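Report on one structure; see the data block that follows.
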Amino acid sequence: MLDPKFILSHLDSVKKGVQDKRQSFDFVLLDQLDAQRRQCQHEYDALRAQQNQVSLEIVALQKGESHNGVSPKANKETTTLLGEMKGVSSRLKELALSQSEAEAALRSLLLTIPNLAHESVPVGADASFNKEIRKWGKPSQFDFKIKDHADIGEALGILDVARAAKIAGARFTLYKGFGARLERALAQFMLDLHTEKHGYLEILPPYLANEKALVGTGMLPKFEGDLFKTREGYYLIPTAEVPLTNMYQEEILSEEDLPIRVTAHTPCFRAEAGAAGKDTKGLIRQHQFNKVELMKYTTPETSYAELEKLVADAEKVLQLLELPYRVMLLSTGDMSFASAKTYDLEVWFPTQKTYREISSCSNFEDFQARRANIRFKPKDGGKPRYVHTLNGSGLAIGRTVAALLENGQQPDGSLRIPKALQPYLGGLQVFIKS
RNA sequence: GGAGAGGUGGCCGAGUGGUUGAAGGCGCUAGUCUCGAAAACUAGUAUGCCCGCAAGGGUAUCGAGGGUUCGAAUCCCUCCCUCUCCGCCA
């Protein structure tokens, strides 16, 4: 959510920023609602002040009565005042109602306005304007006919899509044996790395969240269609970003506590109605997948430096897993609704001869903090300020499995295990179907 | 799911219709004192909105929302959350 004051005082640049994000909204309505809200508040405050004042007079008059016996004059005055105040009281009710209507309308409008991109973000309509920042590793070379990860998984007997479909339907996968263990090992490996080497606190949050939490991170009200919702009104989390960001909802933190770095391994649930037809094969696009998430709360002054570190933390996972990747800076048209700056990590998929997203690291600045009302008290005193929130995948585990299968396949159908992961798999160096 | 108890400022805790944004205590900050510290004493110590260049002023907030009333932390209703006991359950 953006600050309405900021929007109205920087109309032109906000309009351009919203356009760059390929979105739109009604600026005129915003102005009207804000004016309405302000006017109601003005009249309300003045009337309230009068009411409070007269209230005291009534008390004084009544005291006078009880002290001197019933004075006819005071009694009459009191009656007159009470009559007047009755009118004031009902007018106040009208004002309060119209003010809260204006405020509600204003807020729901504000909630649909996207975050503005940071000045360092390339402006462009779509992914073709994304900028490659750096590459790591060399795309794997194979001198035999390679298989995609779905076929490898079936051949090794570790992934079973057909049976998953019997349980749930399309876009689910059943992991078996080594497959299940590999997924578990990766989660452990990533969590250990981030908690022991990168300074994150491990969190195990609820996997269901309420509506307010989803509004706080920006998934609601605009993207309800991407979410699974339970009969009881809970949402299945589409990412651990939701619980991790809402942990400190409605709180004022101390500057001394910042930055706060947390990580969580959770399943993620995505309805993604609009994605039908893309990536239908394999682990790339699923209704349920596991992810280790990284999340930070920082001061505004440090958030961009922390974003670079966050990206580096996620990259470290790929490096240790010996997976070739590149870092992309997303253009305005390809970024998400809530983000001010996003780097994607893309891992090499040899069968597709291309890099595919495996992590998305974003600085949301105060966009989420404003929605979820997360602030901090500055060290040197002064008003509370909104924190900046950042998050990134470190990494999406399903896609990591896919990348390991494709990049680690060997002519005899066996699978090479990267050294860093071997301790988590009982020292196994190569997996061969038994 | 059933029965009961409760939700007040950073924390503890008083407060059942009229200067109560809220006693008291703790904590924290500053000052006095001290060689320094502790103790003691003094002062300060929430957040939103509106008006204002500012100083400052107004207004709201005692889990949330509604109602009664000239006036609500206090009375009524609905909802949420926490705790205890029972039931169910991994």
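Remember, predicted model here, so these are calculated numbers, not experimental data.
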With a 3.5 angstrom cut-off on both distances, give the Watson-Crick or G-U wobble partner of [N], or none if there isn't one.
{"N": "B:U78", "value": "B:A64"}
{"N": "B:A90", "value": "none"}
{"N": "B:U84", "value": "B:A3"}
{"N": "B:A14", "value": "none"}
{"N": "B:U19", "value": "none"}
{"N": "B:U29", "value": "B:A43"}
{"N": "B:C49", "value": "B:G58"}
{"N": "B:C35", "value": "none"}

Worksheet item: Out of curiosity, A:Glu202 CD to A:His265 NE2, how far, rounded to the nearest 0.5 Å?
Response: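 Nearest 0.5 Å value for the CD-NE2 distance: 9.5 Å.
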
Discussion item. Distance check, rounded to the nearest 0.5 Å: A:Phe25 atom CZ versus A:Leu30 atom CG?
Written reply: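 Output value for this atom pair is 5.5 Å.
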
Worksheet item: Do other residues, nucleotides or ligands put more than 12 heavy atoms under 6.0 Å from A:Glu256 CD?
Response: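 More than 12 heavy atoms, drawn from other residues, nucleotides or ligands, come within 6.0 Å of this atom.
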
Discussion item. Donor-acceptor pair, distance only, cut-off 3.5 Å: does the side chain of A:Lys21 make one with the backbone of A:Ser336?
Written reply: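 It does hold such a pair.
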
Worksheet entry | Residue whose closest nucleotide on RNA chain B lies nearer the 5' end, A:Asp34 versus A:Ile252 |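 Its nucleotide being nearer the 5' end, the pick is A:Ile252.
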
Worksheet item: If you find the nucleotide of RNA chain B closest to A:Gly83 and the one closest to A:Pro384, which residue's nucleotide is nearer the 5' end?
Response: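 Checking each residue's closest nucleotide, the 5'-ward one belongs to A:Pro384.
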
Worksheet item: Any side-chain donor paired with an acceptor under 3.5 Å for A:Arg371 and A:Gln368?
Response: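 No donor-acceptor contact under 3.5 Å links the two side chains.
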
Measure the distance from [atom1] on [X] to [atom2] on [N] and round it to the nearest whole Å.
{"X": "A:Leu47", "N": "B:C50", "atom1": "CG", "atom2": "P", "value": "18 Å"}
{"X": "A:Arg370", "N": "B:U47", "atom1": "CZ", "atom2": "P", "value": "17 Å"}
{"X": "A:Glu250", "N": "B:G7", "atom1": "CD", "atom2": "C1'", "value": "17 Å"}

Of all the nucleotides listed ([options]), which has the minimum atom distance to the side chain of [X]?
{"X": "A:Tyr44", "options": "B:A60, B:G18, B:U69", "answer": "B:A60"}
{"X": "A:Ser89", "options": "B:G71, B:G58, B:G48", "answer": "B:G71"}
{"X": "A:Ile58", "options": "B:U69, B:G18, B:U47", "answer": "B:G18"}
{"X": "A:Lys93", "options": "B:U47, B:A72, B:U69", "answer": "B:U69"}
{"X": "A:Arg375", "options": "B:G48, B:C70, B:C50", "answer": "B:G48"}
{"X": "A:Leu56", "options": "B:C50, B:U68, B:U19", "answer": "B:U19"}
{"X": "A:Lys377", "options": "B:G71, B:A46, B:C50", "answer": "B:A46"}
{"X": "A:Asn52", "options": "B:C70, B:U47, B:A60", "answer": "B:A60"}
{"X": "A:Arg38", "options": "B:C51, B:G58, B:A46", "answer": "B:C51"}
{"X": "A:Leu82", "options": "B:G58, B:G71, B:C70", "answer": "B:C70"}

Taking atom [atom1] in both [N] and [M], what distance in whole Å separates the two?
{"N": "B:G15", "M": "B:U74", "atom1": "C1'", "answer": "8 Å"}
{"N": "B:A22", "M": "B:A38", "atom1": "C1'", "answer": "33 Å"}
{"N": "B:C12", "M": "B:G52", "atom1": "P", "answer": "40 Å"}
{"N": "B:A46", "M": "B:C35", "atom1": "C1'", "answer": "39 Å"}
{"N": "B:C11", "M": "B:C28", "atom1": "C1'", "answer": "11 Å"}
{"N": "B:G66", "M": "B:G4", "atom1": "P", "answer": "28 Å"}
{"N": "B:A40", "M": "B:G25", "atom1": "P", "answer": "12 Å"}
{"N": "B:U45", "M": "B:A39", "atom1": "P", "answer": "22 Å"}

Item to complete: State whether A:Arg48 places a side-chain N or O below 4.0 Å from either non-bridging phosphate oxygen (OP1 or OP2) of B:A60.
Response: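 Yes, because at least one side-chain N or O of A:Arg48 sits under 4.0 Å from OP1 or OP2 of B:A60.
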
Practice prompt. Please determine if a side-chain N or O atom of A:Gln51 lies less than 4.0 Å away from the OP1 or OP2 oxygen of B:C70.
Written response: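 For B:C70, OP1/OP2 do not have a side-chain N/O of A:Gln51 under 4.0 Å.
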
Worksheet item: Only one of A:Glu94, A:Gln39, A:Arg37, A:Gln41 clears side-chain hydrogen bond (donor to acceptor under 3.5 Å, both in side chains) with A:Gln99; which?
Response: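 It is A:Gln41; the other options fail the test.
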
Need one value for [X]: base, sugar-phosphate or nothing, where a base atom within 4.0 Å counts as base even if backbone is also close, heavy atoms only.
{"X": "A:Lys212", "result": "nothing"}
{"X": "A:Glu84", "result": "nothing"}
{"X": "A:Leu81", "result": "nothing"}

Practice prompt. Taking the side chain as every heavy atom from C-beta outward, state whether A:Leu2 and A:Asn115 have any pair of such atoms under 4.5 Å apart.
Written response: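 The answer is yes; the side chains approach within 4.5 Å.
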
Worksheet item: Would A:Glu43 and A:Arg91 pass as an ion pair if we require N to O under 4.0 Å?
Response: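 The answer is yes: the pair qualifies as a salt bridge.
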
